[in-house]
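Worksheet: one structure, shown below.
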Number of protein chains: 2
Amino acid sequence: MTRRAGRPRRSEIDILEYQAKIGKHALEIYRVEGFGAVSMRRLAKEVGCSPMTIYAHFEGKTDILRYLWADVLSDMSDEIQKRLKFSAAPIERLQLAAQTFVAYWTDHPDQYRLVFMSNDVNRADVSTFISDEKTLAHFSMFSDLIREVLPNEPDVQVRTDTLISGMIGIALCMNTIPDYPWVDVTLMTERLLTSVIA
Amino acid sequence: MTRRAGRPRRSEIDILEYQAKIGKHALEIYRVEGFGAVSMRRLAKEVGCSPMTIYAHFEGKTDILRYLWADVLSDMSDEIQKRLKFSAAPIERLQLAAQTFVAYWTDHPDQYRLVFMSNDVNRADVSTFISDEKTLAHFSMFSDLIREVLPNEPDVQVRTDTLISGMIGIALCMNTIPDYPWVDVTLMTERLLTSVIA
DNA sequence: TATTAATATGGAACGCGTGCCAAGTATTTT
DNA sequence: AAAATACTTGGCACGCGTTCCATATTAATA
């Protein structure tokens, strides 16, 4: 294929670098002033470009917000790891991790909304973000814990995914349907865990 | 307490009637043109009042959107009941209900977002809406099904709430984190049910 | 250097949720 | 009739996400 005249397309790494730059600024705004302050206009001002340029690099706001996932998820993961140090028995470790996971999201509704309630239709395109890989790592922590409890179980994926989505669901219900008389969160998490262990 | 001069406050029933009127119009717009068409300005035009008048009767948009819950929930409930006719054994009935529940929300992302992703802080004030009561009724259907499976279990509330929030969580994950390689939804639902039966 | 294609920019615009405020209207007591 | 109180209205404003468009600016080829 012969080159044609004109300015060439942005290189892949250029795109990724610029995206990372925007993501970094978004993260900084979020950390200092919270989610409410992260707007396209504000972000553009911070980055030092026009709002339109951002739209040239991202599909929309949701696409940018993903860059904050990694931050939130590692924060949550740290909290779990911190508490896991006080526990040795596999079952206890799993229980503690699950309880901490749920507690984190019920205690931090803003973070929950950011990660699990991005309300746009998000395509699963070619490009895989770093955050997605990290997300996978954070989630696989639970499959490791489950494997410790069930060393002879060959397939723990169904158990893992059920646990994760179940915990996320508990947090969701607490955050968005507070009017409903839910039973204690720890009891629900405990009950959810029986489906993993059983 | 003696009455003071001036126009009296709106009576309770007047408020409720007006709220119901607004909710009815919102429902009509939603049914014909979808959620995207339900905006405050548009709704006011439809009702025949100024946008501010709506704010005098509701705290915000989320508060109005609750009026649509009942519609969506009964639609879902109908679907479950429809399929339950082909099943008699308690366990099968529970399984079918759960699978249908999850399938409904994964098949109707818009409805899911409406009911479970109202993203404002919603107070649990004095006034209980009709929709809330109906919500309770729809959810209690599951506790009935569980009771049929476990006739000797005195307290099924933890089991019910765990099941519901777990199913909602599964649907959430499918709707908002499609990039993650989740296992089959039916398998997850099945696994979740073991925590209820166990 | 001239041409050409990709990108960047600024500005305007749309519709959104929401708040504020001054003016008007309705309904009661005095 | 007059005064007092509660509600409605319309208009303006803010900031938001997003799109469009005309106009630079950049970097390659001819």
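Reminder, nothing fancy here: chain letters follow the sequence lines and each chain counts from 1.
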Original post:
Taking it one step at a time, do A:H108 and A:Y104 satisfy ring-ring contact (aromatic ring centres under 6.0 Å, His included)?
Top reply: CA-CA 6 Å; A:H108 303 90; A:Y104 182 87; 4.4 Å; yes
In whole angstroms, the gap separating P of D:dG15 from CE of B:M40 amounts to 20 Å
Atom CD1 of A:I64 and atom P of D:dT18 are separated, to the nearest Å, by 8 Å
Rounded to whole Å, CD of A:E33 lies from P of D:dC16 at a distance of 11 Å
- Under the 3.5 Å rule, do the base of D:dG17 and the side chain of A:R41 count as making a donor-acceptor pair? yes
From CD1 of A:I15 across to C1' of C:dA6 the rounded distance in Å is 11 Å
Practice prompt. For B:R42, report the nucleic acid contact type (base, sugar-phosphate, nothing); a contact means any heavy atom under 4.0 Å.
Written response: nothing
**Request:** Answer yes when B:D71 and B:R31 have at least one side-chain N-carboxylate O distance shorter than 4.0 Å, and no when they do not.
**Result:** yes
inquiry  = At less than 4.0 Å, is any side-chain N or O atom of B:R10 found next to OP1 or OP2 of D:dT8? Yes or no.
reply    = yes
Between CD of A:E59 and C1' of D:dG17 the distance, given in whole Å, is 14 Å
A:Y55 has its side chain closest, among D:dT19, C:dT28, C:dG19, to D:dT19
Exercise for review: Step through it carefully: locate the ring centre of B:F139, locate the ring centre of B:F101, and say whether they are under 6.0 Å apart.
Suggested key: no
To the nearest angstrom, the NZ-P distance between A:K61 and C:dC16 comes to 19 Å
- Task: Taking only the side-chain nitrogens and oxygens of A:H57, find out if one of them lies under 4.0 Å from OP1 or OP2 of C:dA8.
- Result: yes
In whole angstroms, the gap separating C1' of D:dG17 from CD1 of A:I22 amounts to 15 Å
Here the distance between atom C1' of C:dG17 and atom NZ of B:K45, to the nearest Å, is 16 Å
- Query: Given D:dT9, is OP1 or OP2 found less than 4.0 Å from the side-chain N or O atoms of B:T53?
  - Reply: yes
A:R9 has its side chain closest, among C:dG17, C:dT27, C:dT7, to C:dT7
Are A:R42 and A:E46 within salt-bridge range, i.e. N to O under 4.0 Å? yes
Walk me through it: do B:Y67 and B:F58 pass the test ring-ring contact (aromatic ring centres under 6.0 Å, His included)? CA-CA 11 Å; B:Y67 268 75; B:F58 287 97; 5.8 Å; yes
| B:S39 side chain near C:dC16 phosphate (N/O to OP1/OP2, under 4.0 Å) | yes
### Message
Any base atoms under 4.0 Å from A:M52, or only sugar-phosphate, or nothing? Heavy atoms, all strands.
### Response
base
